[in-house]
Amino acid sequence: MNDLSRPRELKTGTAGWKSEHDAMLRQAAERAMSFRRALDSRPQKPARSFAEMRESFIAPLPEEGSDGRFVIEELAALAEPGLAAMTGPRFFGWVMGASHPIGIAADWLTSAWGQNCGGHTVTPAAAACEEAAANWLLDLLDLPRDASVGFVTGATVANFTCLAAARGELLRRVGWDVDANGLFGAPTIRVIIGEEAHASVFSALQFLGLGYERVIRIPTDAMGRMRIDEFESAMSQGDQPTIVIAQAGHINTGAFDPILRIAKIAHRGNAWVHVDGAFGLWARACPSTALLATGIETADSWATDGHKWLQLPYDCGFAIVRNAEAHRRSMAITASYLPAVAAGERNPSHYVPELSRRARGFAAWAMIRALGRRGVAQLVAHHCGIARRMAQALRQEAGIRVLNEVELNQVVVRFGGDDPADDILTSKVIARIQADGTCFAAGAQWKGLWIMRLSVTSWATSEADADRSVAAIIGAWRAVQAEGT
Ligand SMILES: *Cc1c(COP(=O)(O)O)cnc(C)c1O
């Protein structure tokens, strides 16, 4: 037992321990930096399994406290073998983003500053910085400049927040105050949604009492886009208050619903159009992809992530609502002890479900400030270019097929034929790729087939990383074929 590991009492008051705390913070920063430095050379997978990590971590509650420096060292030593390389340059699993160092640095300051965003006049810096980041965001994504923006944990909660505003506003129009009276006895809301909407949107409907089953699901085309004829016919059957949920960026294919046409038809029926654009909305920030996402600005609300394409650290998402008043009405918490809001002032807590939360605006501001409009556009174009490069190289290999039109950053890969019995081949290739660790990719069920999905979302991924990963994927496929079935 070294000196630091001896039981300690928690010290209160600031006398005497300032230098100890500085040393601990520096030590944490050192640990963090050495982890990041090793990301490129280490396998793009955790060294230890979940079961092994449980062995490391699960222990009886300590009776006595320990020195902070010892605890931080112990935490890092225990955790590091079980950390995934999610911010690594060859990690293509799900749609993750990769925490750019600029966002991390701003996030460290945010934690150290410890500002609670519950009141704008109490923490003027946090509130003003968030407002500035919100304005920049609307400019980057070319959405109505007077839309409101809530800084939430991610697209799931952004979807929830936007749909809460939609629910409240649609019912208010027919004389029902859902915020005060709930849904008991309320007029019925119809929800129309694409069959291949992201699972988190269905969760949002679940949280809102709208139900994930009692929705009208619109069939999709080969790329997973809502079929406009089917949508139009569903829309015409009934005239109750309606929420239409469209998607910008399909989780597998990256495809966009035809939102301009959807919104035109929906608005004729006074429906509220919500867009889940967790990553796809960022196509609007890049001239070479903006065409995919034209017309999205005509919707009524938009959910997107900061921790995906913008490379912010977790957790950060944005709930954007055209009707700021409806947004605020559905979220604002008021109490006598909370600061009043003067005309023209924005209180960050009025647009999110939480009262106390970290000041997410600092990291968002820093990341956008560092990239600028041009940097964001380059990032989007770069990821799309890498996706096309990987798709093209994979297509050259016999037995590997790319099933989607690679318009954005997503590549859908199938190994072997279309017979569902061939699913095993794709599963085996994925297992080999993951065991090898050169890159990371994961599988999904899509259109009745097991597929491998590549999502290019890390600022760190270079063309060399893409080529190295493609070689590893082709190597895994050849090995699977060689072992026979
Ligand atoms: C990632 C994603 C979500 C969920 O976002 P979280 O940040 O994980 O909450 C929703 N929709 C789509 C299309 C996504 O890609």
Side-chain angles (χ1 to χ4, degrees), residues 84 86-87 91-99 103 107 137 141 149-164 193-208 212 215 220 223-226 244-257 259 262 273-284 289 292-293 296 299 301-320 352-354 357-358 360 363-364 367 380 383-384 387 404 407-412 441-442 444-446 451 453-458:
M86 286 173 178
T87 61
F91 189 94
F92 304 103
W94 305 282
V95 187
M96 292 298 219
S99 305
D107 210 45
L137 191 72
L141 298 174
V149 183
F151 286 57
V152 293
T153 54
T156 303
V157 176
N159 280 318
F160 165 81
T161 303
C162 291
L163 292 171
I193 186 167
E195 199 168 61
E196 296 188 43
H198 191 269
S200 69
V201 183
F202 293 98
S203 298
L205 292 169
Q206 166 188 343
F207 306 153
L208 286 163
Y212 58 78
V215 294
T220 50
M223 288 303 113
R225 305 177 198 102
M226 244 197 269
V244 175
I245 303 173
Q247 176 164 265
H250 183 289
I251 189 74
N252 292 326
T253 65
F256 291 73
D257 284 336
I259 296 172
I262 287 173
V273 180
H274 171 68
V275 176
D276 173 15
F279 63 96
L281 207 59
W282 292 86
R284 294 175 63 79
T289 50
L292 294 168
I296 287 179
S301 58
W302 305 266
T304 194
D305 264 315
H307 55 227
K308 287 182 180 169
W309 226 322
L310 191 54
Q311 311 294 309
L312 284 169
Y314 295 109
D315 41 22
C316 186
F318 309 107
I320 308 172
V352 299
E354 309 101 322
R357 67 170 166 92
R358 67 192 287 101
R360 298 188 183 103
M367 205 60 231
V380 173
H383 290 162
C384 297
N404 65 325
E407 295 179 319
L408 207 64
N409 63 323
Q410 303 288 109
V411 186
V412 178
Q445 183 83 21
W446 184 58
I451 51 126
R453 179 168 66 204
L454 297 174
S455 174
V456 185
T457 49
S458 166

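Every number for a ligand or one of its atoms is a count from 1 in the order of the listing. In this chain, numbering begins with 1 at the start of the sequence shown.
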In terms of atom number and element, which parts of ligand 1 are under 4.0 angstrom from non-hydrogen atoms of [X]?
{"X": "Ala278", "value": "2 (C), 3 (C), 10 (C), 11 (N), 12 (C), 13 (C), 14 (C), 15 (O)"}
{"X": "Gly154", "value": "7 (O), 9 (O)"}
{"X": "Ile251", "value": "15 (O)"}
{"X": "His307", "value": "7 (O)"}
{"X": "Phe279", "value": "15 (O)"}

Is any side-chain heavy atom of Phe92 less than 4.5 Å from a side-chain heavy atom of Arg453?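 No, too far: nothing below the 4.5 Å cut-off.
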Pairwise side-chain contact, Ile320 with Leu137, heavy-atom cut-off 4.5 Å (strictly under):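 In short, these two side chains touch, coming nearer than 4.5 Å.
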Thr457, Thr304, Asp305 screened by side chain to side chain donor-acceptor pair (under 3.5 Å) with Trp282, the one that passes: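 Between Trp282 and the candidates, side chain to side chain donor-acceptor pair (under 3.5 Å) is satisfied uniquely by Thr304.
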Does His250 have a heavy atom less than 4.0 Å from any atom of ligand 1?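 His250: no contact with ligand 1 (<4.0 Å).
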For Gly249 and ligand 1, answer yes if some heavy atom of the residue is under 4.0 Å from a ligand atom, otherwise no.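 Yes, that is the case, since the closest heavy atom of the residue is under 4.0 Å from the ligand.
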Asn159 N/O under 3.5 Å from ligand 1 N/O: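 No.
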Donor-acceptor check, side chain of Thr161 to backbone of Val352, threshold 3.5 angstrom: yes or no?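 Checking the backbone N and O of Val352 against the side chain of Thr161, no donor-acceptor pair under 3.5 Å is found.
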Taking the side chain from Arg360 and the backbone from Asp315, do they hold a donor-acceptor pair closer than 3.5 Å?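 Side chain of Arg360 to backbone of Asp315: a pair is present.
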Between Trp94 and ligand 1, which residue portion shows a heavy-atom distance shorter than 4.0 Å: side chain, backbone, both, or neither?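 Neither; nothing of Trp94 gets under 4.0 Å from ligand 1.
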Heavy-atom contacts under 4.0 Å between Thr156 and ligand 1: side chain, backbone, both, or neither?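 Both the backbone and the side chain of Thr156 come within reach of ligand 1.
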May I ask you to identify the nearest protein heavy atom to [atom], giving residue, atom name and distance to one decimal place in Å?
{"atom": "atom 1 (C) of ligand 1", "value": "Lys308 NZ, 1.3 Å"}
{"atom": "atom 5 (O) of ligand 1", "value": "Ala155 CB, 3.1 Å"}
{"atom": "atom 11 (N) of ligand 1", "value": "Asp276 OD2, 2.7 Å"}
{"atom": "atom 10 (C) of ligand 1", "value": "Ser200 OG, 3.1 Å"}

Taking Asp107 first and then Arg358, would you say they form a salt bridge - that is, a charged N and a carboxylate O separated by under 4.0 Å?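 Answer for the salt bridge query: yes.
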Approximate separation, where rounding is to 0.5 Å, of Thr289 OG1 and Phe256 CZ: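 Interatomic distance, Thr289 OG1 to Phe256 CZ, rounded to 0.5 Å: 7.0 Å.
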Quiz question: by atom type and distance under 3.5 Å, do the side chains of Gln410 and Thr253 form a donor-acceptor pair?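 On atom types as modelled, these side chains do not qualify, holding no pair under 3.5 Å.
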Taking the six-membered ring for Trp, are Tyr314 and His307 parallel (under 30°), tilted (30 to 60°) or perpendicular (over 60°)?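 Plane angle between 30° and 60°, so tilted.
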